[in-house]
Amino acid sequence: MRIGVGILGGGTVGGTLARKLIEDHGVIANKSGIDLELIRVAVRDRSKPRSFPADLATDDPMSVVNDPDVKLVVELMGGLEPARDLVMAALDAGKPVVTANKALLAKHGEEIFEAAKVSGADVYYEASVGGGI
């Protein structure tokens, strides 16, 4: 099964995830049985050097959410906005979301989980509480 992945945030965490999805593609597919294909990464500054191919970077985060090839959105940008709007747009489109954003869930969790329930899309947030475990 192939799943197109879009990452919101290409900093330290998002960039590392992007690089690992590319470098360890075969290992991940063999172990999980899922072909996770990195489609696009939203970054603030496209001119900065990245640990993933520059052609995957965009400075338009909504284009990641709206890309029809992106079936899973990973939010790693932090902060409340535009993270909230992007997560809500992904859920409204029926796309599952993975987030490590503690502030977002603390402030807007109820709204996000309600949107997920309405759309039938999942929200995965274990990474947001991992530091407290």
Side-chain angles (χ1 to χ4, degrees):
M1 171 194 323
R2 179 190 166 277
I3 298 175
V5 177
I7 301 174
L8 302 172
T12 301
V13 176
T16 300
L17 175 61
R19 181 175 48 80
K20 296 301 276 179
L21 286 173
I22 293 166
E23 288 178 359
D24 297 340
H25 180 261
V27 173
I28 294 168
N30 286 336
K31 286 187 176 184
S32 69
I34 300 170
D35 178 12
L36 295 175
E37 180 185 354
L38 182 60
I39 303 295
R40 193 174 287 206
V41 182
V43 299
R44 279 189 217 154
D45 181 356
R46 292 188 62 209
S47 68
K48 286 176 73 173
R50 303 285 172 183
S51 60
F52 55 89
D55 63 328
L56 295 177
T58 178
D59 56 8
D60 177 8
M62 193 58 81
S63 72
V64 175
V65 173
N66 290 331
D67 189 316
D69 291 330
V70 170
K71 305 300 183 194
L72 171 68
V73 174
V74 181
E75 185 277 312
L76 298 171
M77 61 195 326
L80 298 177
E81 292 298 342
R84 180 198 154 279
D85 288 342
L86 295 164
V87 165
M88 294 298 287
L91 293 171
D92 288 346
K95 296 180 181 189
V97 172
V98 176
T99 184
N101 191 332
K102 295 177 278 305
L104 179 67
L105 292 178
K107 178 88 173 171
H108 298 291
E110 191 172 320
E111 174 186 23
I112 288 167
F113 293 121
E114 181 59 28
K117 182 178 174 184
V118 168
S119 72
D122 292 317
V123 176
Y124 300 97
Y125 56 94
E126 203 168 330
S128 70
V129 296
I133 293 177

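What you are looking at is a predicted structure, and each value in this text was computed from that prediction instead of being measured.
V118 is not connected to V97 by any chain of hydrophobic side-chain contacts under 4.5 Å among Ile, Leu, Val, Met, Phe, Trp and Tyr, and they are in different clusters. Residue V87 is grouped with residue F113 when hydrophobic side chains (ILVMFWY) are merged at heavy-atom distances under 4.5 angstrom, including chains of intermediate members. Taking hydrophobic clusters as Ile, Leu, Val, Met, Phe, Trp and Tyr residues chained together by side-chain heavy-atom distances below 4.5 Å, V5 does not share a cluster with V27.
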Item to complete: Verify side chain to side chain contact (heavy atoms under 4.5 Å, CB included) between L21 and I7, making sure each step is shown before the conclusion.
Response: CA-CA 11 Å; L21 286 173; I7 301 174; 4.3 Å; yes

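The side-chain hydrogen bond (donor to acceptor under 3.5 Å, both in side chains) test applied to D122 returns Y124, not counting sequence neighbours. Scanning for side-chain contact (heavy atoms from CB on, under 4.5 Å) contacts around D60 gives T58, M62, S63, with sequence neighbours left out. Partners of R46 by side-chain hydrogen bond (donor to acceptor under 3.5 Å, both in side chains), not counting sequence neighbours: none found. Listed by chain and number, the residues in a side-chain contact (heavy atoms from CB on, under 4.5 Å) with E23 are R19 (sequence neighbours excluded). Among residues two or more places apart in sequence or in another chain, the side-chain hydrogen bond (donor to acceptor under 3.5 Å, both in side chains) test is passed with T12 by none. Applying the side-chain hydrogen bond (donor to acceptor under 3.5 Å, both in side chains) rule to K20 yields the partners D24; only residues at least two apart in sequence or on another chain are considered.
Taking CZ of R2 as the start and CD1 of I34 as the end, the distance is 13.0 Å to the nearest 0.5 Å. To the nearest 0.5 angstrom, H108 atom NE2 is 8.5 Å from D85 atom CG. Distance CG/L86 to CG/N66: 9.5 Å, rounded to 0.5 Å. Distance check, rounded to the nearest 0.5 Å: CG of L38 to CG of L17 gives 7.5 Å. Note: D35 CG to I28 CD1 = 10.0 Å, rounded to the nearest 0.5 Å.
The shortest heavy-atom contact between A83 and G78 is CB-O, 3.9 Å. Summarising the geometry of A103 relative to L80, their closest heavy-atom pair is O-CD2, 3.5 Å, with the distance given to 0.1 Å. Considering every non-hydrogen atom in both V43 and A57, the closest pair reads CG2-CB, 4.0 Å. A pairwise comparison of heavy atoms in P96 and A121 identifies N-CB, 4.0 Å as the closest pair. Here the closest non-hydrogen pair linking G9 and V41 is O-CG1, 4.1 Å. Of all heavy-atom pairs between L36 and H25, the closest is O-CD2, 3.1 Å.
Not one N or O on the side chain of E37 forms a donor-acceptor pair closer than 3.5 Å with the backbone of I39. Judged by distance alone, with hydrogens and angles left aside, the side-chain atoms of K71 form a donor-acceptor pair with the main-chain N or O of P68 at under 3.5 Å. Side chain of D92 to main chain of S119: no donor-acceptor pair is present (N/O by atom type, distance under 3.5 Å, no hydrogens or angles).
Two residues are said to be in side-chain contact when any heavy atoms from C-beta on lie closer than 4.5 Å; R84 and E111 meet this criterion. For the pair L105/N101, no side-chain contact is recorded, criterion being any heavy-atom separation below 4.5 Å from C-beta on. You'll find the side chain of I112 reaches within 4.5 Å of the side chain of M88, heavy atoms only.
Heavy atoms from other residues, nucleotides or ligands lying under 6.0 Å from CD of E110 number 12 at most.
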